[in-house]
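Remarks on the structure that follows.
In the text below, chain A, chain B and the rest are named by the order of the sequence lines, each starting its count at 1. Reckoned from all heavy atoms, side chains included, excluding hydrogens, waters and symmetry mates. Not measured: the values here are computed from a predicted model.
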Amino acid sequence: MTDEERRSLPLFPIRVVKQLTQLTPRQIRYYEEHRLIYPERTEGNQRLFSFNDVDRLLEVKRLIDQGVNLAGIKEIMQLELESQAQLDLQDEEEKETKRELSDRELRRHMKREAMMAASQKKTSMIQGQLSHFFH
DNA sequence: CTTCTCACA
DNA sequence: TGTGAGAA
């Protein structure tokens, strides 16, 4: 299981999130209504929040305290999503670069092996020529 | 306990 | 932006 999957698991009822964030249940539902969080539901239609949801709520709370309105918070979170996507892309490029480096190292290794083999042949050829002289 | 909706500031 | 009340 990846970290992202772990952070997205629906785990907490609203009463726990309330304690974790110091937000009123009313506010928490209000933020969901305005699509700042996306909690899952139980079979009884009760909200289940993930670590991600709690983190987002804490971020929302922080931004509200700083006087940012909900529209502004959405924009900020959207920007964070995009910059995170950019970081993921850079990660992939880095991995690809490493794969290319590995390939070069492999070729260098193969070249060394080829040269070793060639020098072995030279040696045995010289030995053959020398053995000819010693006849 | 939680859900939703309507009203209200 | 958020609350209170009331019903389920």
In whole Å, what is the span from the CD atom of A:Gln66 to the P atom of C:dT1?
-> 15 Å
Answer yes or no: does a side-chain N or O of A:Gln46 lie under 4.0 Å from OP1 or OP2 of B:dT3?
-> no
Separation of C:dA8 atom P from A:Asn45 atom CG, nearest Å, is 17 Å
Is the phosphate of B:dT3, meaning OP1 or OP2, less than 4.0 Å from a side-chain N or O of A:Arg29?
-> yes
Should we say atom CZ of A:Arg35 is surrounded by more than 12 heavy atoms from elsewhere, each under 6.0 Å from it?
-> no
Give the intermediate values and the outcome of side-chain hydrogen bond (donor to acceptor under 3.5 Å, both in side chains) for residues A:Glu4 and A:Ser8.
-> CA-CA 6 Å; A:Glu4 178 54 34; A:Ser8 298; 3.1 Å; yes
A:Leu23 atom CG is separated from C:dG2 atom P, nearest whole Å, by 9 Å
What is the distance from CD1 of A:Ile28 to P of C:dT1, rounded to the nearest Å?
-> 17 Å
Give the rounded distance in Å between these two atoms: CD of A:Gln19 and P of B:dC1.
-> 11 Å
So does A:Arg47 get a side-chain nitrogen or oxygen closer than 4.0 Å to the phosphate oxygens (OP1/OP2) of B:dC4?
-> yes
Does A:Thr24 place a side-chain N or O at less than 4.0 Å from the phosphate oxygens OP1/OP2 of C:dG2?
-> no
Residues in side chain to side chain contact (heavy atoms under 4.5 Å, CB included) contact with A:Glu96, at least two apart in sequence or another chain | A:Arg99, A:Glu100
Can you tell me the distance, in whole Å, between the CZ atom of A:Arg41 and the C1' atom of B:dC1?
-> 15 Å
Take the protein atom CD of A:Gln27 and the nucleotide atom P of B:dT3, then report the distance between them rounded to whole Å.
-> 15 Å
When the distance from OH of A:Tyr30 to C1' of B:dT3 is rounded to whole Å, what number comes out?
-> 19 Å
Under-4.0 Å side-chain N/O to phosphate OP1/OP2 contact, A:Tyr31 with C:dT1 = no
In the single-linkage hydrophobic clustering (I, L, V, M, F, W, Y; side-chain heavy atoms under 4.5 Å), do A:Val60 and A:Val68 co-cluster?
-> yes
